[in-house]
Amino acid sequence: MKGIIYTGGELTDLVTLARLPTYLQAFLRARNGVVAYFGGLHIRGCVAAPGWHALAQVWQGEQALWRTYGELRKSDIPFGQDCVGNQFLLRGDAVLLLDTETGELADLDVDFKHFLFGAEKFPMDALGLEPLRTFQQAGGVLQPGQLLSLYPPLCLATNGSTPAATKAVPAAKRLDWLADFYRQIKDLPDGQAVTLAPL
């Protein structure tokens with residue numbers, strides 16, 4: 001992987017590790033999670049701390065993603081995320097992408113190994129790095145534990161052609177905002193006008 005800015009260190013959550021498929025266990029034993037592509041991909045580790053890197057928190061904790069997003073199952077493993085907080089999950093051996101604004105779930109038609117291969121070969125497309133590149137071109141640097149906040153959200157049509165404003169925010173704050181936004185819009189019809197406050 002390119003642009004590594006963080007690795008997870010020691011495996012401290014062996015209970016979670018034991019519940020994972022053997023290929024993901026092997027990856028985490030070699031490198032207990034990673035933030036790569038200068039923040040474009042975060043693969044979570046089996047750790048107690050820091051919280052933003054802990055797989056257990058978003059998989060089985062009080063803030064578990066399946067508690068918010070109806071398309072998810074308790075067994076889906078949210079192993080990683082992109083620079084804006086969209087989630088990569090394992091369902092069986094298939095990698096799925098959860099759009100955390102809309103709750104839409106897409107099968108990427110790859111397994112974990114081929115997901116990593118695609119990210120390495122075509123990072124801009126596979127990881128949706130355009131917002132990060134725009135942020136970097138404006139002088140921004142995404143630190144480990146941060147995600148990009150986009151305003152307005154990508155799923156909202158806007159009257160102007162101005163690109164979304166981006167800023168780096170703590171990952172937990174971004175994921176909370178996305179969950180709250182999703183809860184507010186999930187039952188609205190297409191084309192419904194909404195008013196929201198920026199993060």
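Note that this is a predicted model, so its numbers are computed, not measured.
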Test item: Trp59 side-chain N/O and Asp76 main-chain N/O as donor-acceptor pair under 3.5 Å: yes
Validation row: Arg183, Asp180 side chains within 4.5 angstrom (heavy atoms): yes
ILVMFWY cluster, Leu97 and Leu55 together (side-chain gap under 4.5 Å): yes
Mutual orientation of the aromatic rings belonging to Phe181 and Trp177 [parallel < 30°, tilted 30-60°, perpendicular > 60°]: parallel
Contact summary for Ala126 and Gly118, nearest pair of heavy atoms: CB-O, 3.7 Å
Donor + acceptor pair across side chains of Arg44, Gln81 (<3.5 Å): yes
Spacing of CG belonging to Leu147 relative to CG belonging to Leu132, to within rounding of 0.5 Å: 10.5 Å
Reported CG-to-OG1 distance for the pair Leu17 and Thr12, which is rounded to 0.5 angstrom: 10.5 Å
Arg73 versus Trp66, closest heavy-atom pair with distance: O-CB, 3.9 Å
Student check: side-chain heavy atoms of Leu178 and Tyr69 closer than 4.5 Å: yes
Shared hydrophobic cluster, Leu41 / Val47 (ILVMFWY, side-chain heavy atoms < 4.5 Å): no
Verdict with reasoning, Glu120 to Leu116, per side-chain contact (heavy atoms from CB on, under 4.5 Å): CA-CA 6 Å; Glu120 183 72 26; Leu116 295 179; over 6 Å; no
Nearest-0.5 Å distance that lies between atom CG in Asp93 and atom CG in Leu24: 10.5 Å
Same apolar cluster (I L V M F W Y, side chains within < 4.5 Å links), Leu127/Met124: yes
Over all atoms of both residues, closest heavy-atom pair of Val110 and His114: CB-CB, 4.0 Å
Side chain to side chain contact (heavy atoms under 4.5 Å, CB included), paired with His42, selected from Tyr6, Trp52, Tyr37: Trp52
Sidechain-backbone polar pair: Arg174 side chain, Gln146 backbone, donor-acceptor under 3.5 Å: no
Among Leu98, Leu108, Leu96, the one residue meeting side chain to side chain contact (heavy atoms under 4.5 Å, CB included) with Phe88: Leu108
Heavy atoms of other groups near Glu10 CD, more than 12 under 6.0 Å: no
Cys46 side chain reached by Leu20 side chain, heavy atoms, under 4.5 Å: yes
Distance, nearest 0.5 Å, that separates CG of Leu148 from CG of Leu150: 6.5 Å
Side chain to side chain donor-acceptor pair (under 3.5 Å) against Asp13, all qualifying residues, sequence neighbours excluded: Thr16
Considering all heavy atoms, the nearest Gln87-Gly80 contact: OE1-O, 3.4 Å
same_hphob_cluster(Ile77, Leu14) at 4.5 Å side-chain heavy-atom cutoff: yes
Derivation and outcome, side-chain contact (heavy atoms from CB on, under 4.5 Å), residues Ile4 and Arg31: CA-CA 11 Å; Ile4 292 174; Arg31 180 182 290 153; 3.5 Å; yes
Contact check, side chains of Arg91 and Leu105, non-hydrogen atoms, under 4.5 Å: yes
Any residue meeting ring-ring contact (aromatic ring centres under 6.0 Å, His included) with Phe79, in chain and number order, not counting sequence neighbours: Phe112, Phe115
Euclidean distance, Glu71 CD relative to Leu65 CG, rounded to 0.5 Å: 13.5 Å
Flag, side chain of His53 to backbone of Asn32, donor-acceptor distance under 3.5 Å: yes
In one Ile/Leu/Val/Met/Phe/Trp/Tyr side-chain cluster, 4.5 Å: Val35, Phe38: yes
Heavy-atom side-chain contact between Lys113 and Tyr23 under 4.5 Å: no
Nearest non-hydrogen partners of Leu175 and Gly85, listed with the distance: CD2-O, 3.8 Å
Heavy-atom pair of closest approach, residues Met1 and Ala36: SD-CB, 3.8 Å
